[in-house]
Amino acid sequence: MSLGSLFNKFKTVVAQKYGKDPGKMLIHTGVIGWVFSSLAQVAAIVINDKIPKEQKMFLIPQEIADAGVNIASFYLITNCFKSLASKLVKSGKWAPKSVREFLNASPKLKAKVGKVGFDILKDVKNVPESIAKDYKSFEDGVDVIATTIGSVLSCNIVTPLLRNRFASDRQKSGIARMNENSKTNESNDVKTVQRPTMETFKALSYARPSGSLKI
Amino acid sequence: MAIGAVNNSISRAANSVTQKVMNKTPGMTVSNKKVLDSLKWIGEKVSSPQNRLILGVTALMSQPFIDLSNKKVDEETRKVSAARTVAKIIAGTLTGVAIRYGCIKAIDAFTKLPHEIKPNMKFKNLRRLFIPSDVVLESLNQYKKALGTIISIAIMVVTNFLIDAPLTKFLTNKFVDKIHEKDKQKQVNKEVKA
């Protein structure tokens with residue numbers, strides 16, 4: 001495949017996937033952003049010569065776990081908000097006045113309002129153009145608001161709470177393990193795999209050069 | 001076959017949960033013209049740069065306080081952690097908004113329909129570079145924003161190292177120095193009072 005046709009394919013995929021769904025684009029690019037920024041954090045640790053190999057053993061899984069929490073909570077929460085708002089609009093439960101009047105005019109359509117499988121634009125034939133236009137601008141607006149609320153909730157409330165909880169639990173268990181190791185090493189005087197000290201572990205956990213930066 | 005059956009039952013269960021949530025959600029009919037116009041404006045104009053800005057502003061209002069109230073770590077760690085969070089948010093939001101906005105503007109400049117290309121424009125041959133040739137677009141505006149955002153993310157993988165990380169470090173050090181200065185001042189004041 002030539003570079004030109006690859007470029008054309010890329011443009012077509014973007015147009016088909018996101019050309020009519022701004023909320024979906026915000027979620028997908030948000031997830032890609034989190035994935036890339038997490039990869040960058042892991043790479044920063046991997047290529048940092050100042051961090052001893054033994055400490056990398058702790059920091060890399062820690063960074064990957066952080067990334068897992070960030071990405072999962074962002075996707076799940078934001079997608080839930082977007083999906084629910086989208087169903088409410090598609091099923092006519094939330095609608096602008098013109099669309100409501102159009103639905104109420106037919107008892108058959110009125111009975112379907114609020115049903116999960118009902119999709120106004122797909123299931124109703126011959127929707128007048130002006131109604132379809134009103135519906136589309138209402139749908140896009142609700143979509144963007146729902147996605148934004150979902151991402152604010154996940155990125156700024158749920159994720160920091162979860163991350164702090166995991167980080168402090170990990171710090172506690174890490175320190176306990178290190179103390180245990182140093183005691184065993186002292187008593188046996190046998191050289192085992194060198195673990196980071198409590199101070200370096202704490203310092204690296206809380207003062208990493210670029211931990212969890214959101215792209 | 002078995003996978004199909006599992007998929008069907010998962011989908012039925014998900015639909016049933018969604019239906020229950022939908023039944024509990026109050027219905028809404030929007031008739032206020034100002035609200036409808038605002039929704040239309042949001043759908044058309046608000047995209048990833050504005051979304052990133054909203055995320056940044058609300059992050060400043062919530063995340064430092066979450067860090068400061070984390071009783072599982074000592075006070076010093078809490079303060080440094082909150083300072084670093086503020087620095088990270090400022091650096092990330094500034095670059096995130098600027099690069100997204102810039103990329104969408106750049107894509108817009110090279111995604112012009114024939115009637116939009118004016119005779120006095122430079123690089124006329126390139127003005128249709130990003131117009132997709134194999135698909136009928138429902139909204140050119142949304143397509144341009146999506147493409148600009150995707151390209152900005154690729155750029156931000158690099159700027160994350162080159163701008164965000166050093167800027168975060170610089171701001172964190174500034175904030176931590178300020179915190180330490182304040183703590184010292186408090187200590188001096190206490191000693192004077194004693």
Side-chain angles (χ1 to χ4, degrees), chain A residues 8 11-12 14-22 25-26 29 32-33 36-37 39-40 44 83-84 87-88 91 93-97 100 114-117 134 137-145 147-148 151-152 155-157 160-161 164-165 168 171-172 202 206-207 209-210 212-215, chain B residues 15 18-19 21-23 25 27-31 36 38-44 46-48 51 54-55 58-59 61-63 66-67 70 72-73 77 80-81 84-85 88 91-92 96 130-135 137-139 142-143 145-147 149-150 153 156-157 160-161 164-165 168-169:
Chain A
N8 277 338
K11 288 188 291 185
T12 308
V14 174
Q16 281 172 338
K17 278 214 171 247
Y18 308 117
K20 54 179 176 179
D21 195 343
M25 184 275 285
L26 288 177
T29 52
I32 298 170
F36 278 147
S37 59
L39 282 176
S83 173
L84 179 65
K87 294 261 180 206
L88 288 164
S91 70
K93 186 138 188 181
W94 287 359
K97 196 181 172 196
R100 175 74 62 231
K115 300 281 179 247
V116 75
D134 286 353
S137 55
F138 180 78
E139 187 189 34
D140 283 352
V142 171
D143 198 39
V144 171
I145 291 174
T147 309
T148 304
S151 50
V152 166
C155 289
N156 296 340
I157 296 171
L161 283 173
N164 277 353
R165 199 187 166 92
S168 49
Q171 188 194 35
K172 262 186 194 165
K202 261 177 118 174
Y206 282 94
S210 58
S212 296
L213 282 170
K214 165 91 172 79
I215 276 181
Chain B
N15 276 347
T18 313
Q19 185 63 68
V21 177
M22 282 171 72
N23 291 344
T25 313
M28 181 169 68
T29 304
V30 182
S31 48
L36 287 171
S38 305
L39 281 170
K40 189 180 175 193
W41 184 87
I42 289 167
E44 280 172 9
V46 174
S47 190
S48 60
N51 180 273
I54 294 168
L55 272 180
T58 49
M61 296 192 295
S62 65
Q63 290 196 27
I66 292 173
D67 284 343
N70 182 12
K72 287 191 167 190
V73 292
T77 307
V80 173
S81 165
R84 192 166 167 274
T85 298
K88 210 165 65 179
F130 294 110
I131 294 272
S133 47
D134 309 332
V135 67
L137 275 172
E138 206 164 298
S139 167
Q142 297 295 2
Y143 163 78
K145 285 174 183 169
L147 194 58
T149 307
I150 290 168
I153 284 171
M156 278 186 284
V157 174
N160 198 23
F161 283 111
D164 294 32
T168 301
K169 199 176 170 184

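In what follows, every chain begins at residue 1, and chains take the letters A, B, ... in the order their sequences are listed.
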(message) I'd like to verify something: which residue of A:S151, A:G117, A:G114, A:A95 has the highest number of heavy-atom pairs under 4.5 Å with chain B?
(response) A:A95
Value rounded to 0.5 Å, distance of [atom1] in [X] from [atom2] in [Y]:
X	Y	atom1	atom2	value
B:Y143	A:T12	OH	OG1	7.5 Å
A:K115	B:N15	NZ	CG	13.0 Å
A:I32	B:I153	CD1	CD1	5.5 Å
A:F138	B:M28	CZ	CE	4.5 Å
B:I131	A:N8	CD1	CG	12.0 Å
A:M25	B:I150	CE	CD1	8.0 Å

(request) Not counting sequence neighbours, which residues clear ring-ring contact (aromatic ring centres under 6.0 Å, His included) with B:F130? List them please. (result) A:F7
(message) Please classify the contact of B:L36 with chain A as side chain, backbone, both or neither, using a heavy-atom distance under 4.5 Å.
(response) side chain
Whether [X] side chain and [Y] backbone form a donor-acceptor pair below 3.5 Å:
X	Y	answer
A:K87	B:Q19	no
A:R100	B:S31	no
B:K40	A:G141	no

(request) Write down the atom of B:P132, the atom of A:A15, and the distance for their closest heavy-atom approach. (result)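 Smallest interatomic distance, heavy atoms only, reads CG-CB, 4.0 Å.
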(message) Counting only non-hydrogen atoms closer than 4.5 Å, does A:L161 touch chain B with its backbone (N, CA, C, O), its side chain (CB onward), both, or neither?
(response) both
(request) Please look at A:S91 and chain B and tell me whether the side chain, the backbone, both or neither of the residue comes under 4.5 angstrom of a heavy atom of that chain. (result)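 Interface part for A:S91: side chain.
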(message) With heavy-atom distances below 4.5 Å as the criterion, would you say the side chains of A:W94 and B:T25 are in contact?
(response) yes
(message) Among residues at least two apart in sequence or on other chains, which ones pass side-chain contact (heavy atoms from CB on, under 4.5 Å) with A:I145?
(response)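 Per chain and number, A:I145 pairs via side-chain contact (heavy atoms from CB on, under 4.5 Å) with A:I149, B:L39, B:I42.
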(message) Among B:S47, B:S48, B:A59, which residue has the highest count of heavy-atom pairs closer than 4.5 Å to chain A?
(response) B:A59
(request) Check the pair B:L147 / A:Y18 against side-chain contact (heavy atoms from CB on, under 4.5 Å), numbers first and verdict last. (result) CA-CA 9 Å; B:L147 194 58; A:Y18 308 117; over 6 Å; no
(request) Indicate whether the side chain of B:S62 and that of A:N156 have a donor and an acceptor atom separated by less than 3.5 Å. (result)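 No - no donor-acceptor pair under 3.5 Å links their side chains.
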(request) Apply the test side-chain contact (heavy atoms from CB on, under 4.5 Å) to residues B:E44 and A:D140: give CA-CA distance (whole Å), side-chain angles for both, the deciding distance (0.1 Å), then the verdict. (result) CA-CA 8 Å; B:E44 280 172 9; A:D140 283 352; over 6 Å; no
